[in-house]
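Chain letters run A, B, ... following the sequence lines, proteins first, then strands; residues in each count from 1. Only a predicted model underlies this, so the values are computations on that prediction, with no experimental measurement involved. All values below come from the heavy atoms of this structure, side chains included, with hydrogens, waters and symmetry mates left out.
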There are 2 protein chains.
Amino acid sequence: MSLHDAQARLAVSTVIFAISPEADGDGGLRPSLRTPLVRRLREPGLGRWALPGGWLPVDESLAGAAARTLAETTGLSPRYLEQLYTFGEPERSPGERVVSVVYWALVHSDEVERAVSDENVRWFDEDDLPDLAFDHAAIIEYALTRLRTKLEYSRIAHALLPERFTMAELRGVHEAVLRRRLDPANFRRTMEATGTLVDTGERLSGTRHRPPALYRFDPAHSPAAPPSPAPAAPRHAASASASAVPPRPGTDSKDTPE
Amino acid sequence: MSLHDAQARLAVSTVIFAISPEADGDGGLRPSLRTPLVRRLREPGLGRWALPGGWLPVDESLAGAAARTLAETTGLSPRYLEQLYTFGEPERSPGERVVSVVYWALVHSDEVERAVSDENVRWFDEDDLPDLAFDHAAIIEYALTRLRTKLEYSRIAHALLPERFTMAELRGVHEAVLRRRLDPANFRRTMEATGTLVDTGERLSGTRHRPPALYRFDPAHSPAAPPSPAPAAPRHAASASASAVPPRPGTDSKDTPE
DNA sequence: CCAAAAGTGTTATGTCTACACCCATGT
DNA sequence: ACATGGGTGTAGACATAACACTTTTGG
């Protein structure tokens with residue numbers, strides 16, 4: 001019952017990813033990945049940019065805290081939210097011991113436009129990050145590798161796009177994330193083979209050339225049964241908009257007998 | 001600086017895997033996966049079995065705490081140690097809010113013989129677990145899926161075997177973990193193709209039939225450069241005996257500006 | 001010499017990649 | 001009509017699985 005001895009403080013932070021709006025039309029450059037950061041208003045790290053986050057309230061779930069701070073700082077709601085890793089080296093934060101449970105999230109590109117952005121909250125291009133507080137740079141780097149690897153065996157790219165999208169837009173997301181060109185023909189077949197794409201029947205006119213079909217994601221693969229969830233399970237995975245759920249908690253640890 | 005307001009307590013637990021000794025010779029059944037559990041000596045969950053673990057000391061790293069409690073309860077040192085997931089639902093533990101950072105570990109089968117095992121510490125067969133405290137059953141289940149999936153794209157099986165082993169023993173580990181038979185011919189080729197197996201030149205005599213070659217793992221793929229680590233990165237991964245290192249920490253969270 | 005595991009070879013099947021080619025639309 | 005992205009077809013490279021076959025030991 002006593003919990004007042006020296007303890008680490010628990011924080012929750014989130015790495016948020018979105019695709020830059022210039023993914024539109026057909027002319028422009030490749031779209032790029034962006035992430036919002038907040039300016040630190042206190043020591044340590046005053047003035048530097050950091051991941052959105054906060055202390056964990058006693059009565060809030062980890063994912064809940066991640067989604068809340070995400071909403072508070074960006075005004076957005078995540079289309080995808082998954083635990084990334086827990087960082088807890090003793091010297092992480094100057095002054096006191098802080099353990100941070102970090103999540104990563106994907107938001108729709110059309111939401112980004114109405115996202116908060118002021119003097120203390122700014123979106124940065126993924127390959128043009130500012131000076132970051134603590135080792136948040138390494139954390140973002142790790143979140144990026146996770147996003148890249150997961151994009152290849154899962155179909156989470158839709159979480160970065162609006163409800164309806166063209167095959168080229170979907171490919172653009174993959175190309176932006178993986179940072180390499182993909183063969184349009186093979187990409188199409190691969191995507192169609194997953195069975196998660198539904199042709200809405202509509203076509204996007206106004207492009208300079210042949211109007212492309214508009215697709216949406218099949219909500220069929222909705223959140224699986226709660227019994228045997230799979231947070232970071234390497235094969236396929238969460239597809240719908242919901243978060244990636246982990247097995248239920250329950251670990252305590254007054255263990256270590258005697 | 002104040003850290004006395006209501007906060008969650010931080011625990012670290014570990015799911016430990018080992019291969020049952022009966023993997024020897026060539027006669028017997030398939031070897032099986034086993035895991036050590038400790039009996040809870042306090043409420044909540046008094047008398048039930050639980051994962052080894054304990055509260056996180058302020059000055060100890062997460063992985064350090066995991067390795068230490070592992071050593072304390074089993075007398076073993078992990079050949080492989082990786083963070084699994086952090087469980088933090090508010091109702092996880094009756095009474096107070098507990099957030100548990102859970103690790104999973106692999107230990108050599110020949111070490112298991114000299115492992116601790118008394119009234120309060122016991123090794124259980126993976127498909128014959130006792131009544132578990134909290135939702136530790138779900139956590140073990142999740143650790144198992146992680147082990148299974150990771151076994152297929154990584155070569156961590158050696159962490160469950162002695163220094164030198166036969167191809168059949170290695171295959172036995174895969175079969176025990178994946179719970180299905182594997183073609184000996186194809187398995188051999190797949191393993192040889194990874195380039196991580198080294199023929200020691202020795203042969204194991206005393207079997208009933210043709211003496212098999214003894215292999216060891218190539219320490220070539222030692223821990224990669226620290227800059228861009230990859231804790232749970234889905235493709236290939238840690239091979240040597242060392243732990244899986246994550247990107248450095250650094251997250252704080254007095255953030256949430258405005 | 002026989003049984004059985006160790007180890008090698010061969011073929012069928014499926015997946016991935018590169019790239020040729022036709023289609024439809026705005027200009 | 002024509003340039004250009006949308007969309008389809010197809011052949012080679014490569015990985016995987018199934019299984020026949022040869023080798024080597026203990027009994």
Residue pair A/Tyr85 / A/Gln83, side-chain donor-acceptor N/O under 3.5 Å: no
D/dG7 phosphate, OP1 or OP2, under 4.0 Å from A/Arg203 side-chain N/O: yes
B/Glu175 bridged to B/Arg179 by N-O distance under 4.0 Å: no
Test item: B/Val107 and B/Ile16 side chains (from C-beta on) under 4.5 Å apart, heavy atoms: yes
Whole-Å gap separating C1' (C/dC16) and NE2 (A/His174): 16 Å
Residues A/Asp218 and A/Thr196: side-chain donor-acceptor under 3.5 angstrom: no
Lys/Arg-Asp/Glu bridge criterion (N-O < 4.0 Å) met for A/Arg180, A/Glu152: yes
Atom pair distance, as rounded to whole Å: CD in B/Glu169 and P in C/dA5: 15 Å
Atom pair distance, as rounded to whole Å: CE in A/Met191 and P in D/dT8: 16 Å
A/Glu169 with A/Arg164: basic N within carboxylate O range, under 4.0 Å: no
Nearest-angstrom distance from the residue atom CG of A/Leu204 to C1' of C/dT25: 12 Å
Qualifying residue for side chain to side chain donor-acceptor pair (under 3.5 Å) with A/Ser32, from A/Asp125, A/Asp128, A/Asp127: A/Asp125
Spacing between A/Arg181 atom CZ and C/dA18 atom P, to the nearest angstrom: 14 Å
Selected nucleotide, minimal atom distance to A/Arg188 side chain, candidates C/dA6, C/dT8, D/dG6: D/dG6
Within-4.5 Å side-chain heavy-atom neighbours: A/Val15 and A/Leu147: no
pair B/Glu126-B/Ile140: side-chain heavy atoms closer than 4.5 Å: yes
Interatomic distance where CG belongs to A/Leu182 and P belongs to D/dG6 [whole Å]: 14 Å
Footprint string (nucleotides 10-22 of chain D, 5' to 3'): B base within contact, S backbone only, - free, heavy atoms under 4.0 Å: B------BBB---
Just the atom pairs and distances: protein N or O near nucleotides 1-3 of chain D's N or O, under 3.5 Å.
none

Between P of D/dG6 and CG of A/Leu170, the distance in whole Å: 12 Å
